[in-house]
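All figures in this text were calculated on a predicted structure; none of them were measured in a lab.
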Amino acid sequence: MLVENLASRPDLLEPALALGDVGAEFAHHDQIGTLTRARRLARRWPEYFLVLLDGDEPVARAASVPLVFPDADRAELPDHGWDGAVLWAVEDALDERLPTALVALDVQVVRERRGKGIAGEALLALREVARARGLSRMVVPVRPTGKPDYPRLSMPGYVALRREDGLPEDAWLRTHERLGAWFVRIAPFAMTVTGSVGQWRSWTGRSFVDGPNVVSGGLAPVLVSLEQDLGVYVEPNVWYEHPLV
């Protein structure tokens, strides 16, 4: 598998973006996430945006951002997970701070090649980038792929689901642990999506009642108030750290 980055191969941007995306329609309405959609990541940090090629065919992408961690005011990874990492990276870029860590935000594998270990190769490639850039840490706010099957189960409860061999039941968490990564903490507020009840209907194609509502693709229920015409989705993720030595 050949690994390229967009700084040296900008022609791979469109094929990389065509590989797809994660999450249901509503996940694309996280206001923090819109700061760094894949195209913006590619433009701002092309050297940290990888494309994996099988021959001449792009089969995976791995987008990441550099930032400062840890620091005096960043003793722990943020409760806001993915959103928090995006804000830190943007702050550091604006302040022109020298990064010390890499955060993997997005790993996508072309649909017909999923489940064949390519995502793991992409994570290993990001480790090599972190080492080559002189960064000391690599962390990932992991979005467990099987959690939508258990939307009402807390994330700590879900992470505790283990197979007989001790590895997680969740396939994506399992990939990270097989590569030597270790659990750090839950990110309880990794993504927040708010909208009117009408917007939620358009995003999900379903009706809503007062209280928690399970939606397809959601890791947690959407909390709805019909009186306030408001739906709020707060998604937890899981922080893992990968070894760089």
Side-chain angles (χ1 to χ4, degrees), residues 1-24 27-28 33 35-67 81-82 85-86 89 93 99 101-147 167-168 170-182 190 217 237-245:
M1 199 75 66
L2 178 65
V3 179
E4 299 280 4
N5 68 58
L6 293 184
S8 59
R9 289 288 307 275
D11 59 297
L12 292 174
L13 173 59
E14 296 304 327
L17 297 180
L19 293 173
D21 212 340
V22 163
H28 302 290
L35 286 173
T36 51
R37 292 294 178 224
R39 190 179 297 277
R40 285 193 175 122
L41 291 174
R43 288 174 178 162
R44 180 58 184 82
W45 291 285
E47 66 274 29
Y48 294 102
F49 195 119
L50 307 183
V51 182
L52 278 66
L53 302 168
D54 186 358
D56 293 328
E57 178 190 3
V59 295
R61 70 171 187 257
S64 59
V65 293
L67 49 75
W82 200 97
V86 167
L102 189 68
V103 180
L105 291 179
D106 175 46
V107 175
Q108 291 294 323
V109 178
V110 66
R111 185 173 300 278
E112 58 268 22
R113 301 288 292 273
R114 292 173 187 172
K116 300 183 183 299
I118 296 175
E121 293 190 43
L123 290 169
L124 292 175
L126 286 176
R127 285 189 195 176
E128 290 302 317
V129 169
R131 295 187 189 103
R133 296 278 169 177
L135 305 179
S136 61
R137 311 281 287 270
M138 177 173 142
V139 293
V140 190
V142 182
R143 186 181 197 269
T145 54
K147 183 65 171 66
L167 290 171
D170 186 86
W172 190 215
L173 297 182
R174 195 160 61 243
T175 294
H176 288 270
E177 293 198 12
R178 279 177 168 160
L179 294 176
W182 58 91
N237 285 174
V238 187
W239 279 111
Y240 270 80
E241 181 161 357
H242 280 251
L244 294 181
V245 294

Just wondering, do V86 and V65 contact through their side chains at under 4.5 Å, heavy atoms?
-> no

Find the distance between CG (D170) and NE2 (H176) and round it off to the nearest 0.5 Å.
-> 9.0 Å

Check step by step if side chain to side chain contact (heavy atoms under 4.5 Å, CB included) holds for V51 and R9.
-> CA-CA 9 Å; V51 182; R9 289 288 307 275; over 6 Å; no

N/O donor-acceptor pair under 3.5 Å between R114 side chain and V109 backbone = yes

How close do P99 and L135 get, heavy atom to heavy atom, and via which atoms?
-> O-CD2, 3.4 Å

Does the side chain to side chain contact (heavy atoms under 4.5 Å, CB included) test come out yes or no for V140 and L126, once each step is laid out?
-> CA-CA 11 Å; V140 190; L126 286 176; over 6 Å; no

Looking at CH2 of W172 and CG of L123, how far apart are the two atoms once the value is rounded to the nearest 0.5 Å?
-> 4.0 Å

Considering all heavy atoms of both residues, which atom of G180 and which atom of P243 are nearest to each other, and what is their separation?
-> O-CD, 3.6 Å

Pairs touching residues 47-58 that satisfy side chain to side chain donor-acceptor pair (under 3.5 Å), sequence neighbours left out | D54-R113

Any residue meeting side-chain contact (heavy atoms from CB on, under 4.5 Å) with E241, in chain and number order, not counting sequence neighbours | R137, V139, W182, V184

For R61 and A16, work out which heavy atoms get closest and say how close.
-> NH1-O, 2.9 Å

NZ/NE/NH1/NH2 to OD/OE distance under 4.0 Å, E177 and R174 = no

Considering non-hydrogen atoms only, spot the tightest contact between T175 and G120 and give its length.
-> CG2-CA, 4.1 Å

Over all heavy atoms of both residues, which pair between G81 and P141 is shortest? Give the atoms and the distance, please.
-> C-CB, 4.1 Å

Would you say V3 and E128 make side-chain contact, with heavy atoms under 4.5 Å?
-> no

Nearest atoms (heavy-atom pairs only) where P10 meets A7 | CD-O, 4.1 Å

Taking side chain as C-beta onward, heavy atoms only, is N5 less than 4.5 Å from W45?
-> no

Between NZ of K147 and CG of L173, what distance do you get to the nearest 0.5 Å?
-> 11.0 Å

Could R39 and E14 be called an ion pair, given the rule that one side-chain N must be under 4.0 Å from one carboxylate O?
-> yes

Is R131 reaching over with its side chain to a backbone N or O of L244, donor-acceptor style, under 3.5 angstrom?
-> yes

Rounded to the nearest 0.5 Å, how far does CD of Q108 lie from CD1 of I118?
-> 12.5 Å

Point-to-point distance, once rounded to the nearest 0.5 Å, from CG of L102 to NE2 of H242 = 10.5 Å

Short side-chain to backbone donor-acceptor contact, W82 and L105, under 3.5 Å = yes

